[in-house]
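The block underneath contains the structure these notes are about, expressed in structure tokens.
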Amino acid sequence: MALAVTHVLITIVVLDLLRHYVFGKKHFPRYLIVVGGVAGLAPDFDIVISWIVSFFSSGHVDLHGVFSHSLTFVLLFGLIGIIFSSDYVFKHKADRRKWSSIFFVIAFGWTMHLFLDCLYGGYKSFLWPLQIATNFCPQWGVQDHAASIDAILLILWIVHEEMHGYVRDWF
Ligand SMILES: [Zn+2]
């Protein structure tokens, strides 16, 4: 698995780049980047659940990668986004745009997480609840360099932000 920081950082960076270069600031409010960053880490809530279940049971329970790392969740959030973008749920256009964007960004962050875990060589049940082995993830040993990758990404992003004068965006 990729480190927690990597999941949040890469998702935020990609969303930020999309915001600046594709969608534009007006159509992509900054809170969506926060939503995406949280969603980028969210599939790992199974680690927390494992701790809790282990605590209350006598043995060690590991649910990591068992169900939350599934494309099923991506489809689910995407579907919610589509439903919210129609006029079935929200009457006002602004609400439709806001809530569909939030769920599309969650689906995006979730996808980024699965993609990164796979890139880092993790074997997860990507197709849960279908019990199909997904062993297509490359075994390049990327996870051995996880800390260095984080450091390089962070530096590149700060340089990019500074070059464009975006650092003041943060404050
Ligand atoms: Zn994970």
Side-chain angles (χ1 to χ4, degrees), residues 1-19 22-23 28 30-84 99-158 160-161 170:
M1 61 188 267
L3 299 178
V5 173
T6 319
H7 281 305
V8 177
L9 196 63
I10 293 186
T11 310
I12 286 180
V13 169
V14 172
L15 282 174
D16 199 37
L17 292 176
L18 288 174
R19 178 177 187 245
V22 181
F23 298 116
F28 201 88
R30 196 164 50 187
Y31 68 81
L32 286 177
I33 292 179
V34 179
V35 170
V38 173
L41 188 59
D44 280 346
F45 74 86
D46 58 1
I47 296 176
V48 180
I49 294 177
S50 302
W51 291 338
I52 296 169
V53 175
S54 297
F55 183 79
F56 287 107
S57 64
S58 45
H60 172 75
V61 180
D62 187 8
L63 296 170
H64 185 50
V66 173
F67 65 97
S68 63
H69 288 64
S70 172
L71 289 166
T72 306
F73 288 92
V74 175
L75 289 176
L76 190 73
F77 293 127
L79 201 65
I80 296 174
I82 291 170
I83 292 170
F84 282 176
W99 287 102
S100 60
S101 303
I102 287 175
F103 277 88
F104 287 140
V105 167
I106 293 175
F108 176 82
W110 212 278
T111 308
M112 286 293 291
H113 188 106
L114 304 191
F115 170 75
L116 285 173
D117 270 1
C118 193
L119 189 69
Y120 277 61
Y123 285 103
K124 305 276 165 48
S125 313
F126 291 116
L127 301 174
W128 179 89
L130 300 176
Q131 298 299 330
I132 297 173
T134 45
N135 51 7
F136 46 77
C137 294
Q139 300 301 310
W140 294 329
V142 177
Q143 64 275 20
D144 300 339
H145 309 285
S148 324
I149 292 170
D150 279 7
I152 293 167
L153 284 172
L154 194 53
I155 289 168
L156 285 178
W157 188 44
I158 290 172
H160 170 267
E161 296 291 290
W170 301 351

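Read the numbers this way: they start at 1 and go in the same order the structure lists the ligands and their atoms.
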Please report, to 0.1 Å, the donor-acceptor pairs under 3.5 Å made by any side chain of residues 104-111, with sequence neighbours excluded.
from: Trp110; atom 1: NE1; to: Ser68; atom 2: O; distance (Å): 3.0
from: Thr111; atom 1: OG1; to: Ala107; atom 2: O; distance (Å): 2.7

Subject >> Any side-chain heavy-atom pair of Trp157 and Ile12 under 4.5 Å >> reply: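 Answer yes - side chains close enough.
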Original post:
Are side-chain heavy atoms of Leu15 and Leu17 found at a separation under 4.5 Å?
Top reply: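 Side-chain contact under 4.5 Å: no.
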**OP:** Name whichever N, O or S atom of Asp44 ends up nearest to the Zn ion (ligand 1).
**Re:**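 Output for this pair reads OD1.
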Original post:
Which N/O/S atom belongs to Asp117 and is the closest one to the Zn ion (ligand 1)?
Top reply: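 Atom name returned: OD2.
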Subject >> Modelled atom types, side-chain donor and acceptor of His7 and Asp117, under 3.5 Å >> reply: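 Indeed, the side chains of His7 and Asp117 share at least one donor-acceptor pair under 3.5 Å.
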Original post:
Do you see an N/O/S atom of His64, backbone or side chain, under 2.8 Å from the Zn ion (ligand 1)?
Top reply: no
**OP:** Measure from the Zn ion (ligand 1) to each N, O or S atom of His113 and report whether any distance is below 2.8 Å.
**Re:**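 Of the N, O and S atoms in His113, at least one lies under 2.8 Å from the Zn ion (ligand 1), which means yes.
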